[in-house]
Each structure stands twice: as structure tokens, then as C-alpha cells.
S.K.: 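Have a look at this one before I ask anything.
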Amino acid sequence: MQERDSYDIQAVQEKWLPVWDEIAPFRSGRPDDKRPKKYVLDMFPYPSGDLHMGHAEAYALGDVIARYWVQKGFNVMHPIGWDAFGLPAENAAIKRGVDPAAWTYENIAVQKASMRRYACSFDWDRTFNTCDPEYYKWNQWIFLKLYEKGLAYRKDSAVNWCPSCQTVLANEQVVAGLCERCDTQVTKKKLNQWYFKITDYADRLLDDMEQLEGKWPEKVLTMQRNWIGRSTGANVQFAIEGRSEPVTIYTTRPDTLFGATFFVVAADSALAEELATRSTPEVASKFAHYLESVKSASDIDRLATDRPKTGLFLERYAINPVNGEKLPIWASDYVLADYGTGAIMAVPAHDQRDLDFALAMKLPVRVVVETGEEDPTLTGVATSGDGNLINSGALNGLTKEKAIAAIIKQLESDGLGKAARNYRLRDWLISRQRYWGTPIPIVHCAKCGEVPVPESELPVKLPPAGSLDLSPKGKSPLGAASNWINVPCPRCGASAQRDADTMDTFVDSSWYFLRYASPNESARAFNDEDVKTWLPVDQYVGGVTHAILHLLYSRFFTKALHDMGLLDFTEPFTRLLNQGMVVMAGSAMSKSRGNLVRLSDELGNHGVDAIRLTMVFAGPPEDDVDWADVSPSGSVKFLSRAWRLAGDVTSPPGVDFSKGDSALRRATHKALHDGAFAVESFRFNVAVARMMELVNATRKAIDSGCGPADPAVREATEAVAIMLSLVAPFTAEEMWERLGHTPSVALAGWPTVDPTLVKAESVTAVVQINGKIKTRIDIDPEITDAQFEELALADPSVREALTGKNIIKVIARAPKLVNIVIQG
RNA sequence: GCCCCGGUAGCCCAAUGGCAGAGGCAGAGGACUUAAAAUCCUCCAAGUGUGGGUUCGACCCCCACCCGGGGCACCA
């Protein structure tokens, strides 16, 4: 037999694609499917071009998981779609004059074809794109539901503004205080915008993370906790001289109230403006000046860590409610207008920022907690430790914790304050002055105000881009579509205007995982029965770049929809796996760096299977893959080695494995057992190593062991094909066929592991004396500690070593080792 | 500055507190070949970032520090 010792990679790829199209091994089961369900989800891609190395890694990993559960007998839903709205489509339109829709759908077609060639195990019957009107109709519907519940609202607020581009910028588009596009200094501009009230859910978003503990990467949970940033403390009312209303401040350290020596209001707050205006004319004029300088301070300055404190004394006073002291009121930009109440009591002895300010402005410092540290006035370092309270009236002698409880109780009974919480989390600004997004389904009427578009009129479709000028002008291009924007008010019929803004594309991705359950449902956003069947997502796979926003928004949507009675669960993603990035020689790939590795080149050079294998084998999935450190040609070599086994097997399909060579059978069952365990623990690189071991063992058995006709060789080779189908589907399919089976190997099923074969027949155990290895003995793995100890002590070399020595202690850990501790 | 995750052969990475090595890359030697490629076989190498501690026993647990990566950073 003169077989070629390798196979034609490209030909094999072409051969199987149409077969798989026909079999559709990954079409999710029908409702009467008896297999248990599993929902495996990859984060859907943005169609900005063809797939790249990052996609190749992510989808290879997601595929291992999806294909594994199929082999394990689960009814797996593994869908894909496109996050198709967004700026790149519009930028392409502006730059090259193409239609954003046409550009987007073309890219989707390219990516879809590439995914098929990459052998992604997606259920192709469930795809959709967020820019399809059939999808964004339900964005609008959800918006209206949130609006009904008071969770969508409009307000004026200061947003990032580029004076040169004349547009609002997302935070991500502001790089070091400059517009990422033109390097102009970004300023703030007050605009009326739509928000989702995610802050209503702050506590639940935080507390429900307990359910995710151990199932999501700890890193992501930490980032979300930081982002939500809950703090506990108290709100305290301070009377203001010459003002009828008191001002409430928020503090996390109400125990230090007696240490307050001044009072600060955010320079850009309405309160500062009011206090200054009603002060002396000099102060009012100085304040106007100061405010101007604050506003023009760039984010670069603001972000500087040791930026000197600035501020202005307003010549007004607040009264400390606990001791009646007059505290001078200052305006400063180190207090934020949109956190807490925009006003604070300053306790310089125990807060570094307040101390910095006090030292700069020569304000007094009063220590009220004895922490044993040095005097803050001398060291310039505020003390934050625990200790007994001093200079604090009734609180004297109490610890920090007890003092906080006591003062809150006191304030509450005096009606001057109460316990309070605050969050770093802000409401979610969803308005975008852009064309390629979901239109906000609101009509503005001079008489009726904001009027929701009736559900029966959804979707509010985007007008064709054709005649619109999409270049950023600071207001939505949709405003110029006069046929579109001018509509009768749904309530009174008078002429009115549609809201010209579109939604943040994060809205689209906040519920797409629900839509996959019933992608063609036309009467509802999602079908309850199907959602009950499939959701929540059992396994979510995606990059850590979405650790905060996308995942937080999706969790928020899920909870809000749950509260509307539309879902019966509160967390959308049961388990989460973050894959790393693909980098080149230590740095992120980019065209400008000249280190870009093209996926199409790699696929052409090594084939799909080898690239997938390389991605999976490179290391733990959450680590970055450095393309300079991996060897796709090594992967090709291994795959050929595996493939060659299939050609060497001479026993017929269906042969009774039980009579096969027992050593190889043990190796096979151990590989199946350990490989499955590794996959379930996301240690895919280890699973591949197990496959390599089995291939090596089988090779050896064929060449210099039991020979190619032994049934164990067939069993081992079939196991290799099945395990390999998770990673290298073309090679696995080819092997399966050579072994005399019909496609698809993807549906072959994970062989049942025989527990008696997983255990070794005998193991080599170690006998130590005082922790040093004395000898090795072969034992039965089932041996008890006592038997093991007896055997060890009976060993001649051990006996010799123990002659005349005192045995203090014997530690037996069957079937691993015995350690004999002796005197001396 | 604070928090998290890493540091194991030349390289990428494995090791429920129990023989430091599973797998791969690179390297060396050999078999096959007229030769090379491919293939097959064999070999090579670190005592686990540093210093302490706990333990019969530590890559693993604890403390301090060094290095690398990531997150947060006027949120009162």
C-alpha cells in the first residue's frame, strides 16, 4: 500500500463543506428533542471587514465548547449574528460615498462565508443582524417599555464635545482629553439627551454578582464592582448662613463630623453659582472667572495625579450641625457636581484631598481620630486608620465603627441626617447624533411634549441614506430628512417632529441573546416558550474588553425585563469565559506597527484545522496568544500524524474492543476521561496535550506494540478522531471516513469511559525517609494506607536504612507515597 | 498610590500540599534515502523571581520584597 503520508489540506476542506451543509450537524434540536439543552454563545462580531486573527481565536474556543457538548449528547444551541449598527459603516459612507446599509450587508456576507470555511459550529438557521428592521423594531419596543416604567428619560447634561468636528463624542473617543480624530481639545457641552435609568438597579447589579461567583472570571466581577462603586455613609444637613434651605452633603465618614474645618461645593454646580452670586460683588466676579478657568481646564490637567488644588472662598458659611461651628464655604473643582450632592464637609485630618486643599489654602486641621500615626499637618499625609475618637463631644472614646453608628443614630433622631449610599455608576446615556443606529421612537409635539410612537407603528425605519449628509455636524443627520422627521403627533394630530437621534449600539447587544431563541418571531421581541427552553445562556465566550459595559447593560436589561414579567431569570449569562488577544511578538497587531498577521494568509499556508489547533493549544484560553511563540506548522505535523493512524488501522468497524491490548485501552480511556475533564475546566491546551499523548501511544502500539490489527488500535484511533473533532473538524472527519464510518464525526458521541480502564493496573509509589526519596515500589492503586505502609516498611532497602533508628512517625498517602520520619 | 493576575528547561506551557515534566516548539544524534524533504526512534536541558515562615513534605499555603501584565484612580 503506497499511501501518501499526508493529505491535501485544501482539497479536504473543499470536500467536507458541502457535506456539512447537507447534514447540518449543529442545527439546534426541535422542541420535541429529548436531549438536555445547552446554550453556548460567542459574542457576535461587528462587520467591519473580514474575520481576523482575534475572531479565529474566539470562535475556535467557543467551538470546542459547543462541539464538546454535542458529543456529550446535549441539544446545543450555538448561534451567531451581527452587531451591525455603528460608526465604521458611517465613516465608510462619509469617506467613500457608499451606502452604510450596503457596506454592512456586504461585510456580513463576507464574514459569514469565512465562518463557514472556518468550520464554525453555528446554527445557521438562527442568524440575524441588529440593523434589520425586524430586529431594531424590538429595540424600539423595549425602549417604549422602559419609558413606560420611567426607566427611559431625558435630561440636560454636559457631554463631551469636539468644537472642530462639531460632534458629541463618546468617552472612548476622547483620548487623553483630545478628540481621537482631530486632536482638538474636547470641551463639555450641555445637551438634552436620553438616558436609561440603570442606577435604579445598582444594588441588584452588585448583589446578584454573588450568583456569578466562581462562574465568571473574578477579574470581571471586580471590574463591575468597581464600576458600580457603591459606598455607604450618611447624608448630613448643614444650615447655610443667609440661606433659608440647608444643604445636604454625603460623607462616608460621619464619625469625623467634629473634624470638619471647612465646606466645599463643586465649582460647576448650581449651588456654587447661587452662593457666589448672592455673596459680595467681588466674590461673584471672581467666581465667574474661576468657573471659566475650571471649564477650560482640559482633561489632561484633570487627570494629572498630583494636580495642585484650586478654589475660591465664597465668603459664606455653613453651620456644623453637631457643634454649631461656622465653616467657611469654598468652591473648588476637586468636588464633583454629579456625585453625591456636589457639596462636602472637609475633614482635612482624615482625608487626603481635603488635607491637600487645607494646606494649599492655609485652612485649619483638626485631628478627631487617634490612629497612632503622625500629625497630618506636619507630614502632609491624612490618616485613615481606626482608633479612638477625640475632640468629638459624645463620640469621644468610641472606635470608628461605633462612632459611625452612634452619630447616624443621633443625626436621625435630630432630623439632621440619615444613613445613605452612593454609587459611582451613572445613568446610561443612549442618544447618539448619528445615522446608522436605531431611531428613538418618540415624537416631539409642541402641545403634547414627548409622545411615544404607538406600538402598532413600529418599527420606525431609518430613511434611506442616499440624499443625507452623514458627516458629523453636532446634530443627527436624520434631522435633515424632512420627509421622515415631520410627522403628525400620534396624540393630537398636529404637526410634530420625530426624535432625530439614534440609540447607542450597546442597546442592540443588550438583549440579542434572547432573540436567538426565536429569531423569526414577528409578533414579539422573543417567544416566551423558546426563551424558557434555552435561556439563560449556559456558556458565554468573549473578550475581556466587554467586561464592563456590554455585560453590565445586558444584566440590567435582563433584570428590567424580568421585572416587567417578561423573563423568569435575573442573570443572562450563567458562565463566562474571557479569551485573550492574539498578539505578535509581544504587542497588539496593527497595520501601522507592521506586525499584522493576516488570517487568510495563515489559513492558506497551514489550513483551517492547524490554525484552530494552534489557537487552542497555545496556552490557557484567557492568556494572549503570541503568534511569534506558536507553531502552526507543528500543528500541521500533529494533524498528519493523527490522520495517518486512521490509514494504519486494519480491523473492521464495529470490532469488539474488549479483547484489545489492555495497555492501549487504558491509555485511550484515560485520554477520554482526562480530555473531557480538561475541556470542562476550560483547559483546552491540556485537552490537546492528552490527544497528542494518545496519538503517540497509538503510533507506538502500531509500530512496535500490539500491531495495527489489534482492536485497541481502532478504539484508540476512533477516540482520537472524536476528540479531535472539537478542534480540527476537517481532519477528524477525514479520519472517521477512513475508519469506515459515515459522517459526521461531530455527531459520533463521546465514547463511554470505562472506569476500570481509567485506573492504572499498578502505580509506582515513592518511599521517603525524612522527606528524601529512598526507593520506589510498584503497588496496586487500590491499596490502603495501612497495607501501603506495611509494604514500604518491608522493603529491604528501607529496612536497612532503618536499622538502629527510631521511627517517630510514618505518613502513608496511598497510592502516592510513604514518608518515614526517623530520629537524627 | 490602591486592587487583581502572573513569574517553572533556550521558548510556549503542565503538575487535588506528595517522584518538578504531561504536551509542544527549538536543539543534538540516529534509522530510512544516491541525496534531501517527509517520516520514525533516541537524547538534551530548569530545582520553580528573591528572602523568610508553616508542614513529615511547598511550584502550590502565609508574610515581605523584585519583575511583568491588567484594572481603578480627586466618587468625599
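Every chain is numbered from 1, with letters handed out A, B, ... down the list of sequences.
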S.K.: For A:R424 and for A:I344, find the nucleotide of RNA chain B with the closest heavy atom, then tell me which residue's nucleotide is more 5'.
M.R.: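 The residue closer to the strand's 5' end, by nearest nucleotide, is A:R424.
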S.K.: Take atom C1' in B:C19 and the same atom in B:A14, then report the distance between them in whole Å.
M.R.: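 After rounding to an integer number of Å, I get 16 Å for this pair.
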S.K.: Do A:W216 and A:Q224 get their side chains close enough for a donor-acceptor pair, meaning under 3.5 Å?
M.R.: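 No.
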S.K.: Give me the distances for all protein-to-nucleotides 3-6 of chain B N/O pairs that come in under 3.5 Å?
M.R.:
none

S.K.: Reckon A:R230 touches a base, only the sugar-phosphate, or nothing at all at heavy-atom distances under 4.0 Å?
M.R.: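 Counting heavy atoms under 4.0 Å across all strands, no contact is made by A:R230.
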S.K.: Indicate whether the side chain of A:N819 and that of A:R813 have a donor and an acceptor atom separated by less than 3.5 Å.
M.R.: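 No, no side-chain donor-acceptor contact under 3.5 Å.
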S.K.: Hey, which of these two, A:G342 or A:D623, hits RNA chain B nearer its 5' end, going by closest nucleotide?
M.R.: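 Mapping each residue to its closest nucleotide by heavy atoms, the 5'-most match is A:D623.
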S.K.: With the side chain counted from C-beta on, respond yes when A:L355 and A:F357 share a heavy-atom pair under 4.5 Å apart, and no when they do not.
M.R.: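 Side-chain contact under 4.5 Å: no.
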S.K.: For B:C40 and B:G24, measure between their P atoms and round to the nearest Å.
M.R.: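 Straight-line distance between the two P atoms is 11 Å.
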S.K.: Within a strict 4.5 Å, meaning less than it, do heavy atoms of the A:T256 and A:M345 side chains meet?
M.R.: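 A:T256 reaches A:M345 side chain to side chain.
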S.K.: From CH2 of A:W627 over to C1' of B:C11, roughly how many Å is that when rounded to an integer?
M.R.: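 Going from A:W627 (CH2) to B:C11 (C1'), I get 16 Å.
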S.K.: Between A:H350 and A:T383, do the side chains contain an N or O donor and an N or O acceptor separated by less than 3.5 Å?
M.R.: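 Yes - a donor-acceptor pair under 3.5 Å links their side chains.
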S.K.: Using a heavy-atom cut-off of under 4.0 Å over every strand shown, decide if A:V347 touches base, sugar-phosphate, or nothing.
M.R.: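 Result for A:V347 = nothing.
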S.K.: Need the glycosidic conformation of B:G49: syn if within 90° of 0, anti if not. Which one?
M.R.: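 With its glycosidic angle more than 90° from zero, B:G49 counts as anti.
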S.K.: Is there a side-chain contact between A:R699 and the phosphate of B:C41, meaning an N or O under 4.0 Å from OP1 or OP2?
M.R.: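 Answer is no, no contact under 4.0 Å.
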S.K.: Work out which heavy atom in A:L61 is nearest to a heavy atom in A:F684; give both atom names and the distance.
M.R.: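 Scanning both residues, the minimum pair turns out to be CD2-CD1, 3.6 Å.
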S.K.: If only atom types and distance count, is the side chain of A:R366 paired as donor or acceptor with the main-chain N or O of A:F258 below 3.5 Å?
M.R.: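 Yes, A:R366 side chain to A:F258 backbone: donor-acceptor pair under 3.5 Å.
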S.K.: Could you tell me which residues satisfy side chain to side chain donor-acceptor pair (under 3.5 Å) with A:Q352, sequence neighbours excluded, listed by chain and number?
M.R.: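 Here the qualifying residues are A:D356.
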S.K.: What side-chain donor-acceptor pairs closer than 3.5 Å can you find for residues 246-254 of chain A, not counting sequence neighbours?
M.R.:
unit_1: A:Y250; atom_1: OH; unit_2: A:S231; atom_2: O; d: 3.0
unit_1: A:Y250; atom_1: OH; unit_2: A:S231; atom_2: OG; d: 2.6
unit_1: A:T251; atom_1: OG1; unit_2: A:R253; atom_2: N; d: 2.9
unit_1: A:R253; atom_1: NE; unit_2: A:D255; atom_2: OD1; d: 3.1
unit_1: A:R253; atom_1: NE; unit_2: A:D255; atom_2: OD2; d: 3.4
unit_1: A:R253; atom_1: NH2; unit_2: A:D255; atom_2: OD2; d: 3.0

S.K.: Considering only the C1' atoms, how many Å lie between B:C13 and B:A31, rounded to the nearest integer?
M.R.: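 To the nearest whole Å, 31 Å.
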S.K.: Treating A:R612 as the side-chain partner and A:V727 as the backbone partner, does any N or O pair qualify as donor plus acceptor under 3.5 Å?
M.R.: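 Yes; judged by distance alone, with no hydrogens or angles, the pair exists.
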S.K.: Would you call A:R225-A:E213 a salt bridge at under 4.0 Å N-O?
M.R.: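 Here A:R225 pairs with A:E213 in a salt bridge, since their nearest N and O are under 4.0 Å apart.
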S.K.: Measure from the side chain of A:R683, starting at C-beta and using heavy atoms only, and say which of B:A15, B:A76, B:C13 lies closest.
M.R.: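 Comparing B:A15, B:A76, B:C13 against the side chain of A:R683, the answer is B:A15.
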S.K.: Show the distances under 3.5 angstrom between N or O atoms of the protein and N or O atoms of nucleotides 22-27 of chain B.
M.R.:
unit_1: B:A22; atom_1: O2'; unit_2: A:R690; atom_2: NH1; d: 3.3
unit_1: B:A22; atom_1: O2'; unit_2: A:E693; atom_2: OE1; d: 2.9
unit_1: B:A22; atom_1: O2'; unit_2: A:E693; atom_2: OE2; d: 2.9
unit_1: B:G24; atom_1: OP1; unit_2: A:N696; atom_2: ND2; d: 3.4

S.K.: Does some side-chain heavy atom of A:R644 sit less than 4.5 Å from a side-chain heavy atom of A:S640?
M.R.: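 Yes, side chains in contact.
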S.K.: Roughly, in whole Å, what's the span from CD in A:E622 to C1' in B:G70?
M.R.: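 For the pair A:E622 CD and B:G70 C1', the rounded distance is 13 Å.
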S.K.: State whether the distance check finds a donor on one side and an acceptor on the other, under 3.5 Å, for side chain A:K309 versus base B:C74.
M.R.: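 Check passes, donor-acceptor contact within cut-off.
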S.K.: Using whole Å, report how far CD1 of A:I548 lies from C1' of B:G70.
M.R.: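 My rounded result for the distance is 12 Å.
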S.K.: Between B:C4 and B:G10, how many Å separate the two P atoms, rounded to a whole number?
M.R.: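 Those two atoms are separated by 32 Å.
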S.K.: Report which part of the nucleic acid A:K700 touches: base, sugar-phosphate, or nothing (heavy-atom distance under 4.0 Å, all strands).
M.R.: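 Here A:K700 touches the backbone only, sparing every base.
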S.K.: Which whole number of Å gives the distance between the C1' atom of B:C43 and that of B:U48?
M.R.: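 Roughly 24 Å separates the two C1' atoms.
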S.K.: Scan nucleotides 54-56 of chain B against the protein and return all N/O pairs shorter than 3.5 Å with their distances rounded to 0.1 Å.
M.R.:
unit_1: B:C56; atom_1: OP1; unit_2: A:K809; atom_2: NZ; d: 3.2
unit_1: B:C56; atom_1: O2'; unit_2: A:N819; atom_2: ND2; d: 3.4
unit_1: B:C56; atom_1: O2; unit_2: A:N819; atom_2: ND2; d: 2.3

S.K.: Who pairs with A:Q787 by side chain to side chain donor-acceptor pair (under 3.5 Å), at least two apart in sequence or on another chain?
M.R.: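 A:T784.
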S.K.: Quote, to the nearest angstrom, the C1' distance that separates B:C61 from B:G70.
M.R.: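 25 Å, rounded to whole Å.
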S.K.: Expressed as a whole number of Å, how far does the P atom of B:G17 sit from that of B:A58?
M.R.: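 Pairwise P distance, B:G17 against B:A58, rounds to 14 Å.
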S.K.: Taking only the C1' atom of each, what is the distance from B:A9 to B:A15 in whole angstrom?
M.R.: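 It comes out at 15 Å once rounded to the nearest Å.
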S.K.: Less than 4.0 angstrom between a side-chain N/O of A:Y339 and OP1 or OP2 of B:A76, yes or no?
M.R.: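 For A:Y339, the contact criterion (side-chain N or O under 4.0 Å from OP1 or OP2 of B:A76) is met.
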